[in-house]
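Have a look at the structure below before the remarks.
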Amino acid sequence: MPVGSTATDVKLDEAAVRELETSLRGQVVRPGDPTYDQDRKIWNGSIDRYPALIARCAGVADVIAAVRFGQRTGLPVAVRGGGHSFPGLSMCDGGVVIDLSHMKGIRVDPETRTARAQAGVLLGELDRETQAFGMAVPSGIVTHTGMAGLTLGGGIGWLMRKYGLTVDQLLSVDLITAGGEFVKASERENPDLFWGVRGGGGNFGIVTDFEFRLNPVGPTVLAGPVLWPMEESPNVLRFYREWIKDVPDELTTIVAHRYAPPLPAIPTELHGKPVVMVIFCHVGPLDEGEKVVRPMREFGAPLLDLCARKPFLAHQAMFDPSFPAGWWYYFRSADLAELSDGAIDIIAANALKMKSRLTAFPIFQLGGAISRVGEDDTPYNSRKAGHTININATTETGAGFDEERAWSKNFWEELEPYHTSVYVNFLLDEGEERIRQAYGPARYDRLKALKRQYDPDNFFRLNQNIPPN
Ligand SMILES: Cc1cc2nc3c(=O)[nH]c(=O)nc-3n(C[C@H](O)[C@H](O)[C@H](O)COP(=O)(O)OP(=O)(O)OC[C@H]3O[C@@H](n4cnc5c(N)ncnc54)[C@H](O)[C@@H]3O)c2cc1C
């Protein structure tokens, strides 16, 4: 297929495009424009799409104009926040992209302990502003992820066992509906819609502004990984499983299997060695944290211990070099009730089979504050799960990608007897049944009813879609 053919084959109504151009404070970008190739790039390098038009929005008025333009063209419409959707749902071939990534406003109010953030904000940008006041919103573990998409799916990360999901600290949103109308949602205003956006993704409209409650964090935390040889994985995981039963909510951990990366903090003799690591983040008193993590740190014979007192911002950025934009990524994910012997044996055996030096698969420890929010209070379906595993296959380019992808898929299939649910933000393009699993049948039906109310024609369908009918 010639480059860009899907985009250039689309005949746009030129009068409508001119009208959009004159009304936008941002820019209209089309095939052939100097920034077109940059603007259509998204994080996952295995996805390469050619939209007919990108509306780079500068504010709410632009979003309203872009939605009305999308309605007028009848073309598929994608909505882009941080561009980190695993299956690339924020970019489309031959359609219109409503690009929010330039909407970067953030305002922290230390007195009310709240923060407002616009839809183009990245996690690291929000952390930077909130940490200036010793506070934070619980979010994800890679700073260049978009705050918008992450929040709309739930949001899991280093602070979740202490402060819950990102949506558990969401206070209100401003949203533009499929009809181009401005709506507010909170516990008091449009509470049904507010329930829906706390996990139901971009199905109900475009959220232009998020308001969060802030909580004290750090700025110094006790955090970092301890590494063991990967062959030790079954023993490490069995010890870990028992040890986490008694750890306080201040501690969240992630287990990762990978080849040790060539980073300055890792001695050269370990570079490329297969390892299993437990990564800690303790956000309570530091001396208390030292006591809590000691048994795990002292288990067996670790190759390296990088757990130390450090700025929360530094810990948040720890995974950034492992997930740069442009590499090829494939993911399969599931929630697990617990790390049973059977699950551990499958995890340990498959870890040893990964080929790519770039593949790293995290197992998140859930529980704590997440599990104390009512199961029906938000659409998120993993409140009672013990862990979320994200079997990530990564290569730098297309070379070796198919093989690594097959490894991820087989591994995920072997684990199937242990799957409980799945986190919607970790889905690929896996079909409606999987989306239903991500919410559970009752909450899925409630989301469908809400979709019928707010978007009966399924205008917002390039997402983890909840069709109205
Ligand atoms: C490197 C990496 C690390 C990650 N780590 C975590 C993690 O630690 N925890 C976690 O919970 N998730 C994590 N994720 C998953 C992440 O939550 C999702 O990929 C999320 O969708 C990313 O949001 P985005 O705004 O960057 O994505 P985009 O691709 O821009 O958007 C994702 C989806 O949300 C919709 N959307 C985006 N903005 C809006 C808006 N303002 N209004 C309406 N709809 C909108 C899009 O249309 C699309 O369907 C990670 C992803 C990556 C790539």
Side-chain angles (χ1 to χ4, degrees), residues 41-47 49 57 60 63 66-67 76-92 95 97-101 103 117-124 138-160 165-167 173-178 196-197 199-210 252 254 279 281 316-327 329-331 333 360 362 364 366 370 380 382 388 390 392 394 423-429 435 454-455 459-466:
K41 273 209 183 90
I42 47 173
W43 170 80
N44 189 343
S46 74
I47 295 162
R49 298 196 176 127
C57 298
V60 175
V63 175
V67 166
V77 170
V79 177
R80 180 198 169 121
H84 275 46
S85 149
F86 292 167
L89 293 167
S90 46
M91 193 49 59
C92 59
V97 175
I98 301 181
D99 180 355
L100 312 168
S101 64
M103 292 171 56
Q118 285 188 311
V121 165
L122 305 180
L123 301 186
S139 69
I141 61 169
V142 175
T143 67
H144 46 75
T145 311
M147 178 273 303
L150 176 130
T151 303
L152 292 169
I156 65 172
W158 289 119
L159 303 178
M160 63 183 159
L165 303 174
T166 311
V167 287
V173 295
D174 292 349
L175 175 144
I176 306 302
T177 65
V197 297
N203 273 286
F204 313 107
I206 299 181
V207 175
T208 53
D209 196 275
F210 297 76
T252 298
I254 293 177
I279 308 146
C281 181
Q316 276 289 82
M318 173 195 156
F319 277 124
D320 287 6
S322 302
F323 298 97
W327 286 359
Y329 298 94
Y330 176 86
F331 296 83
S333 184
F364 294 77
L366 304 178
I370 298 176
Y380 178 75
S382 313
T388 291
N390 202 357
N392 163 25
T394 307
Y423 171 38
V424 71
N425 271 352
F426 288 170
L427 283 176
L428 289 177
D429 195 356
I435 298 170
Y454 280 93
D455 186 16
F459 175 71
F460 296 112
R461 61 181 176 278
L462 298 181
N463 44 34
Q464 295 297 350
N465 194 232
I466 300 165

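Indexing begins at 1, ligand by ligand and atom by atom, following the structure's order.
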**Complete:** Only one of I156, N390, T388, I141 passes side-chain contact (heavy atoms from CB on, under 4.5 Å) with I254, and that residue is I141
**Message:** For V79, give me all partners under side-chain contact (heavy atoms from CB on, under 4.5 Å), at least two apart in sequence or on another chain.
**Reply:** L100, I206, F460
**Set of residues satisfying ring-ring contact (aromatic ring centres under 6.0 Å, His included) with respect to F86, sequence neighbours excluded** = F331, F426
**Message:** Side chains of F323 and H84, heavy atoms from C-beta outward: is any pair under 4.5 Å?
**Reply:** no
**Request:** List for me each residue that meets ring-ring contact (aromatic ring centres under 6.0 Å, His included) alongside Y454, sequence neighbours excluded, and say none if there are none.
**Result:** none
**Item:** Minimum heavy-atom distance A117-V121, with the two atoms named
**Value:** CB-CG2, 4.2 Å
**Prompt:** Who's touching ligand 1 if we go heavy atoms under 4.0 Å?
**Reply:** W43, V79, R80, G81, G82, G83, H84, S85, F86, L89, S90, L100, A119, G140, I141, V142, T145, G146, A148, G149, L150, L152, G155, I156, G202, G205, I206, V207, F323, Y423, N425, F426, L462, N463
